[in-house]
Peer 1: 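Below: one structure in structure tokens.
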Amino acid sequence: MRAKHLLAAILALSLAAYGCAQGKEEPAPAPQAEALTWTTTASGTQLFEPGSVLLMKPSDASFNRVSLTGEKFQSVDGFGLAITQASCYNLLKMSQADRTAFLRELFDRETGMGSSLIRVCIGGSDFSMDEFTWCDEPGIEHFAVHPLDEQYLFPILDEIFAINPDVQIIASPWSAPLWMKVGEDGKTPHSQWYAGHLGEAYYEVYAEYFVRWIREMERRGYPIMAVTLQNEPLHRGNSMSTYMSWQEQSNFVKRGIGPAFAAAGLKTKVLLYDHNYNYDDNGPQQDYPLHIFEDTEASRYVHGSAWHNYGGMLDGVHARFPDKEIYFTEASIGSWNYRFGDCLINDFRDIFLGTLGRWGKGVTLWNLMLDYQGKPFRPRGCSTCYGAVSIDATDYSLSSVVRNSHYYDVAHCSKVLQPGAVRIGTSGYSAAGLHYQLYRNPDGSYAALILNEGNAEAQLNFVTDRYSVACRVPARAVQSVTWQE
């Protein structure tokens, strides 16, 4: 037997030598698995900088361990920016090649950030080319696509959906048609685009307006995942606005939107409120959407609530109504608050991790693109706002695009969290100024969002059943991480 083994060994060595002599190589070992990272620092020294981390065995995680608890929370729809007419105007000024490259940067799942959620206006807004709705002549029979959306909005949506057909839309009106608006007495016609109320006599016809708008958008290939019923309903002063108390919105749901959507068989979600955490410090309107959730007749028609961050903090909504969804739909940066590093860190903590940690399903921010002067905007609108990106109006070139903090906040979440990702529980290492969340994507991969507010590098080690991932996050930085289990 020993002789046979010896002969076999000699034969194997001879064959190996023969293979080398013939120029044949042994198969290379399988590459070691890696986690992919993207990092942005408040100082700007790293801007969505790609990197990687070797995946090790769980037993190798000897420091700052973060382990899975087995808990599962909400699924996430996505992250993105508002495709306002102002944004479309600037995008359409770019060359086709530059515009395509930029939109791929935002929406392409493979080569770009993979943004999967956008917000559009139902009619005009403070960042449109004029004040308008799709039915500006009295009578719903005059409903028709407005030429300004034909000119600006649809060409950009066509390009976006050609890049990523899975993008989802949240839509919001800034004003009802003028002929549906009344004054404070509830009777006198209101002839201004700003302020006024939706007349009770128009609840059904305005609901039909929503149905027709959604059907036309979907006919054109733009599926509407959700609508809010009024942008900032407690704000009378915008260039286009309609005041709508929670009592009025509740009645509109029960007598208009709810029955109309049910009769039309629409799957579009209805989101309430769409305004500030602090209810604009209007005492009688405190807990605005929660009052409507408490009304069983209205509540059966609505799916959740939408929020802005221009005052207060989002707290307690999920605890009281765990069956209702939460979305964050608007935040702006501008001359009043903008410093890249501070906005990057604060907004990632409060808007993104803050919303997601409170059971939020998605985030959209305001104005994808404005020029260096914050244009175009409407009179009575925001003249000091910045876009998520700014572009030079003298040449509209891709090279002139300045990516502001909101761009990077959206990029960090969109790149690693796929639509349908589920937030999962963790326990273990914590440190002052260190925030993190862990998700499981539909394809089985893991994704982590990490924020280090501290002035020194932070280290932590995510440990799953199969791997440990040792992350090093620079001082005052955001980092996204993903790996395949």
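What you are looking at is a predicted structure, and each value in this text was computed from that prediction instead of being measured.
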Peer 1: Check this for me, if you would: do K269 and E325 make a salt bridge, where the nitrogen-to-carboxylate-oxygen distance has to be below 4.0 angstrom?
Peer 2: yes
Peer 1: Show, in sequence, the C-alpha distance, side-chain angles and deciding distance for L47 and Y407, and conclude whether the side chain to side chain contact (heavy atoms under 4.5 Å, CB included) test is met.
Peer 2: CA-CA 10 Å; L47 295 173; Y407 170 95; over 6 Å; no
Peer 1: Report yes or no: do Q418 and D443 form a side-chain donor-acceptor pair below 3.5 Å?
Peer 2: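 Looking only at side-chain atoms, D443 and Q418 do form a donor-acceptor pair, the distance falling under 3.5 Å.
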Peer 1: Under the side-chain hydrogen bond (donor to acceptor under 3.5 Å, both in side chains) rule, collect the residues that match up with S125, sequence neighbours excluded.
Peer 2: none
Peer 1: List in chain and number order the residues that pass ring-ring contact (aromatic ring centres under 6.0 Å, His included) with W483, two or more places apart in sequence or in another chain; answer none if no residue qualifies.
Peer 2: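 Partners of W483 by the ring-ring contact (aromatic ring centres under 6.0 Å, His included) criterion, ordered by chain and then number, come out as Y446.
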Peer 1: Does P419 offer a backbone N or O that forms a donor-acceptor pair with the side chain of S116 under 3.5 Å?
Peer 2: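 Not confirmed, S116 side chain does not pair with P419 backbone.
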Peer 1: Under a 4.0 Å threshold between the charged nitrogen and the carboxylate oxygen, would D295 count as salt-bridged to R300?
Peer 2: no
Peer 1: Would you say the side chain of M56 lies within less than 4.5 Å of the side chain of V469, judging by non-hydrogen atoms?
Peer 2: no
Peer 1: For Y396, check ring-ring contact (aromatic ring centres under 6.0 Å, His included) against everything at least two apart and list the hits.
Peer 2: none
Peer 1: Is a side-chain N or O of R215 found less than 3.5 angstrom from the main chain of A264, in a donor-acceptor match?
Peer 2: yes
Peer 1: F154: which residues meet the ring-ring contact (aromatic ring centres under 6.0 Å, His included) condition with it, sequence neighbours left out?
Peer 2: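 Partners of F154 by the ring-ring contact (aromatic ring centres under 6.0 Å, His included) criterion, ordered by chain and then number, come out as Y222.
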Peer 1: Could you check whether D347 and H406, counting side-chain N and O atoms only, form a donor-acceptor pair closer than 3.5 Å?
Peer 2: yes
Peer 1: Between F102 and I391, is any pair of side-chain heavy atoms under 4.5 Å apart?
Peer 2: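 Answer no - side chains too far apart.
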Peer 1: Mind checking the NE2-CG spacing from H412 to L417? Nearest 0.5 Å is all I need.
Peer 2: 13.0 Å
Peer 1: Parallel, tilted or perpendicular: which one describes the rings of F352 and F79, with boundaries at 30° and 60°?
Peer 2: tilted
Peer 1: Keeping to residues at least two apart or across chains, list the side chain to side chain donor-acceptor pair (under 3.5 Å) pairs with something in residues 460-470.
Peer 2: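 Sorted result for residues 460-470: T464-E485.
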Peer 1: Who pairs with C385 by disulfide bond (SG atoms under 2.5 Å apart), at least two apart in sequence or on another chain?
Peer 2: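 Result, disulfide bond (SG atoms under 2.5 Å apart) vs C385: C382.
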